Peer 1: 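Below you'll find the structure I mean.
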Amino acid sequence: MAVDFERIKRDFPILNVKSHGKPLVYLDSAATSQKPRQVIDAVSDFYSNYNANINRGVYEISEKATEAYSNSKNKVSSFINAGGMEEIIYVRNATEAINLVAMSWGDQNIKKGDRILISEMEHHSNIVPWQLLAKKKGAALEYIKLTEDNTRLDMEDLKAKVESGPKLLSITHVSNVLGTINDVKRITEMAHKNGAAVLIDGAQSAPHMAVDVKDIGCDFFAFSGHKMLAPTGIGVLYGKSEVLESMPPFLGGGDMIKTVEKQSATWNDLPWKFEAGTSNIEGGIGLGVAVDYLNSIGMDNITAHESELTEYALSRLDGMSGVSVFGPGQKDLDIKTGVIAFAIKGVHPHDVASIFDNEGVAIRAGHHCAMPLVVGLAPEKAVARMSFYIYNRKEDIDRALKAIETIKRIFKIN
Ligand code: 7TS
């Protein structure tokens with residue numbers, strides 16, 4: 001059955017807002033997504049009708065809040081095909097999920113002289129935690145190169161570096177700048193064969209495609225709720241239960257313990273062992289509703305919709321004078337999500353984004369928290385980026401193209 005994406009757009013109240021007097025076109029979902037009224041209402045319903053702390057109350061509204069929070073974990077577990085809620089740890093965001101692994105698993109397993117392998121297309125949140133760990137342990141941090149055209153991982157380099165036996169491979173599923181989809185199943189297989197643990201940064205994949213962590217086979221999978229219709233401040237670390245069981249706690253405090261004596265404590269069961277202190281209850285509940293919303297559309301339908309938008313945008317940008325587009329092109333839509341980084345010759349990306357803003361079109365410009373990648377893409381060491389989601393349609397892209405024409409006129413680019 002065809003999905004009515006026009007109707008879906010109406011679920012997002014913010015898309016009725018005007019920006020600089022023009023209907024807002026939001027093309028920055030790779031930074032954070034907008035929220036449907038179903039999620040906004042669920043958060044408001046929690047505070048209006050059953051706000052209470054969880055996992056401790058013996059009264060009705062606390063039990064209701066506890067149940068809603070736990071249900072949300074079950075939904076997230078099914079959403080990524082994990083083995084149950086004990087494998088779903090709620091954190092603030094993908095960044096915290098990766099830091100949790102670095103500080104807990106990394107502290108336990110990485111020793112002097114070990115190697116940690118990442119790639120040149122990582123977000124800072126999948127770089128800096130490993131730099132900190134490598135420095136602390138005297139380990140080496142190595143990077144898988146990209147192909148010469150900067151569109152994808154260099155699989156020869158990946159193979160050589162994986163075969164040289166790193167302790168950990170931590171890699172993004174989808175680049176937040178190039179939109180490249182990495183073959184994480186194959187990469188995980190290769191890494192496991194060579195004895196490495198594997199973390200997949202799913203911040204840019206989980207919102208846009210069906211994810212099956214069992215099929216990928218990774219040990220850890222990290223993502224953020226706010227990029228997939230949920231509130232900010234809620235993120236997910238999936239870990240294989242046997243791996244999580246073997247790891248020391250990340251933070252100490254209430255809820256993560258079973259018993260506490262003056263000099264020692266014992267740990268709570270998974271996933272609570274990794275969730276110290278009062279949780280982001282509204283965020284957890286909102287994430288559960290966001291997952292329901294995405295499932296009601298169907299992740300494959302979402303992927304297909306975004307792919308259609310991407311093809312439409314690329315076909316119009318391709319060959320446009322003065323405009324360069326980064327990442328896989330029209331012929332490689334099977335490895336490309338709806339993230340299009342671009343540059344206009346002689347115009348700083350911040351000026352590009354400002355003129356877009358004047359036209360009511362929200363895009364991001366800069367290094368996109370991926371400096372090791374972006375500094376090599378354009379002389380300004382920055383690029384402009386538009387990114388799509390379920391509420392975007394072709395007419396939004398037409399507005400973006402019109403903004404590009406305006407820029408070319410102002411800067412006299414032929
Ligand atoms: N990993 C990737 C691949 C990302 O794109 C981002 C955020 C993160 C991790 C971190 O997510 P957070 O929720 O913990 O902040 N990416 C972007 C972006 O592209 N623009 O703003 C945030």
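Indexing begins at 1, ligand by ligand and atom by atom, following the structure's order. As the structure is a computational prediction, the values presented were derived from the model and not from experiment.
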Peer 1: Show which side-chain atoms of residues 131-141 pair as donor or acceptor with protein atoms under 3.5 Å away, not counting sequence neighbours.
Peer 2:
| residue | atom | partner | partner atom | Å |
| --- | --- | --- | --- | --- |
| Lys136 | NZ | Asp107 | OD1 | 3.0 |
| Lys137 | NZ | Asp107 | O | 2.7 |
| Lys137 | NZ | Asp107 | OD1 | 3.3 |

Peer 1: Between ligand 1 and the protein, give all atom pairs where both partners are nitrogen or oxygen and the distance is under 3.5 Å, as lines of names plus distance to 0.1 Å.
Peer 2:
| residue | atom | partner | partner atom | Å |
| --- | --- | --- | --- | --- |
| ligand 1 | 1 (N) | Asp201 | OD1 | 3.2 |
| ligand 1 | 1 (N) | Asp201 | OD2 | 2.6 |
| ligand 1 | 5 (O) | Gln204 | NE2 | 2.7 |
| ligand 1 | 13 (O) | Ser224 | OG | 2.6 |
| ligand 1 | 13 (O) | His226 | NE2 | 2.7 |
| ligand 1 | 14 (O) | Ala94 | N | 3.4 |
| ligand 1 | 14 (O) | Thr95 | N | 2.9 |
| ligand 1 | 14 (O) | Thr95 | OG1 | 2.5 |
| ligand 1 | 16 (N) | His123 | NE2 | 3.3 |
| ligand 1 | 16 (N) | Lys227 | NZ | 3.0 |
| ligand 1 | 19 (O) | Asn176 | ND2 | 2.8 |
| ligand 1 | 19 (O) | Arg385 | NH1 | 2.6 |
| ligand 1 | 19 (O) | Arg385 | NH2 | 3.4 |
| ligand 1 | 20 (N) | Arg364 | NH1 | 2.5 |
| ligand 1 | 20 (N) | Arg385 | NH2 | 3.2 |
| ligand 1 | 21 (O) | Arg364 | NH1 | 2.9 |

Peer 1: Throw together a table of side-chain donor-acceptor distances under 3.5 angstrom for residues 280-299, partners on residues two or more places apart or in other chains.
Peer 2:
| residue | atom | partner | partner atom | Å |
| --- | --- | --- | --- | --- |
| Asn280 | OD1 | Gly283 | N | 2.8 |
| Asn280 | ND2 | Gly233 | O | 2.6 |
| Glu282 | OE2 | Tyr47 | OH | 2.5 |
| Asp292 | OD2 | Lys75 | NZ | 2.8 |
| Tyr293 | OH | Asp11 | OD2 | 2.7 |
| Asn295 | ND2 | Val291 | O | 3.4 |
| Ser296 | OG | Tyr293 | O | 2.7 |

Peer 1: Taking the six-membered ring of Trp130 as reference, does the cationic atom of Lys167 (NZ for Lys, CZ for Arg) lie under 6.0 Å from its centre and within 45° of its axis?
Peer 2: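 Geometry flag: not set, cation outside 6.0 Å or 45°.
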Peer 1: List the residues meeting salt bridge (Lys or Arg N to Asp or Glu O under 4.0 Å) with Glu380, not counting sequence neighbours, and say none if there are none.
Peer 2: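 Testing Glu380 for salt bridge (Lys or Arg N to Asp or Glu O under 4.0 Å), a comparison that skips the adjacent residues, returns none.
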Peer 1: Is the shortest side-chain heavy-atom distance between Ser205 and Val211 below 4.5 Å?
Peer 2: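 Yes. Closest side-chain heavy atoms under 4.5 Å.
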Peer 1: So is Lys64 actually on top of Tyr50's ring, under 6.0 Å and inside 45° of the axis?
Peer 2: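 Yes; both conditions hold, so Lys64 lies above the ring face of Tyr50.
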